[in-house]
Amino acid sequence: ANKELGNLDAAIQQISNALIIHEQLNSKKDIALDYTNMGQLYCDKKIKDFKKGLEYLNKGLEMQEKLDDQIGIMESLIGLAQGYNDANRSAEAISFLQRAENIALETEGASALQDIYETYSEIYEKMGVYKNALFYYRKSQVLEDSLFNKESSDKLNQLQTQYDVETSKKANELLKK
């Protein structure tokens with residue numbers, strides 16, 4: 001929440017506190033996630049401490065691989081790709097994204113694929129390869145629209161079900177009178 005509000009120092013402090021607790025609880029999955037989140041914060045365009053950020057991101061990936069958590073590995077790889085892109089190391093960024101994309105395709109992670117394609121677009125734009133940037137931007141937008149439509153449809157179905165239940169309750173109450 002603090003990252004979205006632009007308060008990166010507070011976000012780092014919160015994750016540091018969470019990391020201490022997760023280490024005390026020996027919650028390896030949460031520790032790996034904390035490392036990944038911390039790495040992404042340090043690679044943020046406002047902080048730009050790529051050395052520290054990439055170190056945390058690599059620690060997160062290493063832990064996710066030991067846990068064999070495919071979704072966690074994928075998220076760490078996306079974070080590493082974004083970090084390497086921010087550090088102007090595009091070739092390495094693309095390599096991490098390719099690994100993440102393979103996992104996303106295997107696990108049917110449409111939301112992650114949308115992030116991956118958006119990151120590809122950013123990398124290729126930064127490299128000046130605008131044809132590829134546009135290609136991945138369009139793929140990202142198609143997935144984003146698809147995800148939005150699914151969420152909207154799910155919400156509409158939920159509201160329809162609530163309406164049907166309420167109508168049924170009221171009808172039953174009227175019948176009882």
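What's counted below: heavy atoms across the whole structure, side chains too, no hydrogens, waters or symmetry copies.
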Salt bridge or not for [X] and [Y], using N-O below 4.0 Å?
{"X": "Glu62", "Y": "Lys66", "value": "yes"}
{"X": "Glu65", "Y": "Arg99", "value": "yes"}
{"X": "Lys52", "Y": "Glu55", "value": "no"}
{"X": "Asp86", "Y": "Lys48", "value": "no"}

Say whether [X] and [Y], considering side chains only, have a donor N or O and an acceptor N or O under 3.5 Å apart.
{"X": "Gln141", "Y": "Glu144", "answer": "yes"}
{"X": "Asn17", "Y": "Gln13", "answer": "yes"}
{"X": "Gln70", "Y": "Asp68", "answer": "yes"}

Of all heavy-atom pairs between [X] and [Y], which one has the smallest distance, and what is that distance?
{"X": "Ala112", "Y": "Glu75", "answer": "CB-OE2, 4.3 Å"}
{"X": "Ala100", "Y": "Met74", "answer": "O-CG, 3.7 Å"}
{"X": "Ser121", "Y": "Tyr137", "answer": "OG-CB, 3.4 Å"}
{"X": "Gln82", "Y": "Thr119", "answer": "NE2-OG1, 3.2 Å"}
{"X": "Gln64", "Y": "Leu33", "answer": "NE2-N, 4.0 Å"}

Do [X] and [Y] come close enough that some side-chain heavy atom pair is under 4.5 Å?
{"X": "Leu57", "Y": "Leu61", "answer": "no"}
{"X": "Gln40", "Y": "Tyr56", "answer": "no"}
{"X": "Ile21", "Y": "Leu25", "answer": "yes"}

- [ ] May I ask you to check whether Phe96 and Tyr84 place their ring centres under 6.0 Å from each other?
- [x]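 For Tyr84 and Phe96, the ring centres are under 6.0 Å apart.
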
**Item:** Proximity of Tyr42 and Phe50 rings by center, below 6.0 Å
**Value:**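 No.
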
task = Before giving the answer on side-chain contact (heavy atoms from CB on, under 4.5 Å), spell out for Asn88 and Lys126 the whole-Å C-alpha distance, their side-chain angles and the decisive distance to 0.1 Å.
result = CA-CA 8 Å; Asn88 295 316; Lys126 194 178 230 181; 3.2 Å; yes

Single-linkage hydrophobic cluster, 4.5 Å side-chain cutoff, [X] and [Y] together:
{"X": "Leu143", "Y": "Ile103", "value": "yes"}
{"X": "Leu113", "Y": "Ile71", "value": "yes"}
{"X": "Tyr130", "Y": "Ile94", "value": "no"}

Value rounded to 0.5 Å, distance of [atom1] in [X] from [atom2] in [Y]:
{"X": "Glu118", "Y": "Ser140", "atom1": "CD", "atom2": "OG", "value": "4.5 Å"}
{"X": "Ile31", "Y": "Met38", "atom1": "CD1", "atom2": "CE", "value": "12.0 Å"}
{"X": "Lys46", "Y": "Asp9", "atom1": "NZ", "atom2": "CG", "value": "11.0 Å"}

- Task: Apply side-chain contact (heavy atoms from CB on, under 4.5 Å) to Asn85 and Leu97, showing your working.
- Result: CA-CA 11 Å; Asn85 184 43; Leu97 271 186; over 6 Å; no

Item to complete: Inspect the surroundings of NZ in Lys28 and state if more than 12 heavy atoms from other residues, nucleotides or ligands are less than 6.0 Å away.
Response: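 Check fails, neighbour count at 12 or below.
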
Original post:
Is there a donor-acceptor contact under 3.5 Å from the side chain of Thr36 to the main chain of Ala32?
Top reply: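 Side chain of Thr36 to backbone of Ala32: a pair is present.
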
Is a side-chain donor or acceptor of Ser76 paired with a backbone partner of Gly72 at a separation under 3.5 angstrom?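 Yes.
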
#### Entry: Qualifying residue for side-chain contact (heavy atoms from CB on, under 4.5 Å) with Leu19, from Asn37, Asp30, Asp34
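Exactly one option meets the side-chain contact (heavy atoms from CB on, under 4.5 Å) with Leu19, and it is Asp34.
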
Trace of the side chain to side chain donor-acceptor pair (under 3.5 Å) decision for Tyr120 with Glu101
CA-CA 10 Å; Tyr120 270 128; Glu101 183 179 12; 3.0 Å; yes

Query - Worked check of side-chain contact (heavy atoms from CB on, under 4.5 Å) between Leu77 and Ile73 - result: CA-CA 6 Å; Leu77 290 167; Ile73 291 169; 3.7 Å; yes

Check: Passes side-chain contact (heavy atoms from CB on, under 4.5 Å), Tyr136 versus Ile116? Steps please.
Finding: CA-CA 9 Å; Tyr136 282 107; Ile116 290 166; over 6 Å; no

